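As the structure lists them, so they are numbered: ligands from 1, and atoms in each ligand from 1. All values reported here derive from a predicted model rather than from experimental measurement.
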Amino acid sequence: MAEANFHFPPSFKWGVATAAHQVEGNNTNNQWWAWEQEAGHIKEGAASGLACNWWENAEADFDRAANMGLNALRLSIEWSRVEPEPGKFDTAALERYRELLRGLTARGLEPLVTLHHFSNPLWLEKQGAWINEGTIAYFTRYVEQVVQALGEECDFWCTINEPNVYATQGYLMGSFPPGQRDLGATRTVLRNLLRAHAAAYRAIHHLQPAARVGLAHNLRIFDPANPSSLLDRLVAWAQDSGFNRSIIKAVWDGWWIPPVGFRPALSMRRTLDWIGLNYYTRDLVAFDGGAPETLYGRATHAPDAELLDGGYGELYEKGLFRALKRLSKLDIPIHITENGVPDSDGDQRSRALILHLHQLWKSLQYNLRVQGYYHWTLVDNFEWAEGWSLRFGLIELDPATQERTPRPAASLYAAIARGNALTSGLIDTYAPELRAKLLPG
Ligand code: IFM
């Protein structure tokens, strides 16, 4: 059979993505740690604990990433370590981050640094955190300290990870701290997060004019369950507006749109040098008159869909191309800042990786400006309210012993990164059932 290769551009970034609270361990001074201590919040009563022990030894995993032939790594800074008390900045913590960033560069891994990834210092949470407008100034001050301390090691910044997920899970669905169910609060929190993004964008450029600053948007696809039902189409559109369109409209066009608001937000206009796409799945949305909190939509799945572990949703790789096409309207560089699947027994990950990377390759054939792909994630990590029940790692972790065992997808991803191509040989080895679909004829 003819060898077919799906090649990627020479400078393409192959990375993995992580977040401080999920990997560092012993982040005792943030709201997630406190939340984990109370029964009923985390599946199976789990806690982050030592996580992947990165605060002590991230370098061992950096070695693993570098040995896989990767050239990029996304991590986040833990605000509660850097500013354990209001206005008191911990130089030793900043020094440790400097060491980590240097360690990445020394291994040929370009750092992409996220400044807020779901966790807040306890002192801030106790004041209400993102429900308050005052948090924007606190965040900006913290960002300035970080950029001043780490700017020599990094010029590639992601202000805030998934403002939509933070706001909806914490204030609408109640599954993240502070566990509220209040649409009004959700809107306020989302607006404050986006305004903080815009303020941070300016503050970073002031300190580092050549910085590349963006945010990571979790773009979930919402399709009507029944495309011929006007109500299904309406609620799918409304959910998309709340979860996706309102965010992009705010930071790109400078407008709040319903359901988040309805007025200009001109100071936020064009506050992106690049956009991060976190893509995982889609919902088929059916009208449900009894669900005002989800804008009258109920999530369902396609009858023939392949489902992911733990109710995480459909394996729907075409959504990656659709999301990229949509974001490419901004005409700025796109980085896939997260993509992966929860798969404890490793029976879907290789297939999912191949399917998604094939969609990424397709987007490049359409000249979409995608410059990097950061797989979520390198090593199994603490999956928030799902605890350790969902495993996203290319490498399996036993959190009790810290023992790591690579899954087959780790060598697949390494081969793709090293060869800068997805080859028919890799498809035959890791997911031969995809040959007919991806390599017809
Ligand atoms: O683990 C999370 C991450 O923190 C944010 N994006 C989705 C991932 C998988 O659920």
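- The aromatic ring centroids of His375 and Trp14 lie 6.0 Å or more from each other.
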Distances under 3.5 Å, N/O of ligand 1 against N/O of the protein: list each pair and its distance.
unit_1	atom_1	unit_2	atom_2	d
ligand 1	1 (O)	Gln22	NE2	2.9
ligand 1	1 (O)	Trp376	NE1	3.4
ligand 1	1 (O)	Glu383	OE1	2.6
ligand 1	4 (O)	Gln22	OE1	2.7
ligand 1	4 (O)	His117	NE2	2.8
ligand 1	4 (O)	Trp384	NE1	2.8
ligand 1	6 (N)	Glu162	OE1	3.3
ligand 1	6 (N)	Glu162	OE2	2.7
ligand 1	6 (N)	Glu338	OE1	2.5
ligand 1	10 (O)	Tyr312	OH	2.6
ligand 1	10 (O)	Glu383	OE2	2.5

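- Salt bridge annotation for Asp273-Arg212: absent, with no cationic side-chain nitrogen under 4.0 angstrom from a carboxylate oxygen.
- Of all the heavy atoms in Pro177 and Gln31, the pair that sits closest is CG-CG, 3.7 Å.
- Taking a cutoff of 4.0 Å between a charged side-chain nitrogen and a carboxylate oxygen, Arg282 and Asp223 qualify as a salt bridge.
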Determine all donor-acceptor pairs shorter than 3.5 Å in which one atom belongs to a side chain in residues 188-197; sequence neighbours excluded.
unit_1	atom_1	unit_2	atom_2	d
Thr188	OG1	Gly184	O	3.1
Arg191	NH1	Val260	O	2.5
Asn192	OD1	Arg195	NH1	3.4
Asn192	ND2	Trp130	O	2.9
Asn192	ND2	Ile131	O	3.4
Arg195	NH2	Glu133	OE2	3.2
His197	ND1	Thr159	OG1	2.7
His197	NE2	Thr271	O	2.7
His197	NE2	Thr271	OG1	3.3

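- For Phe6 and His358, the ring centers are positioned less than 6.0 Å apart.
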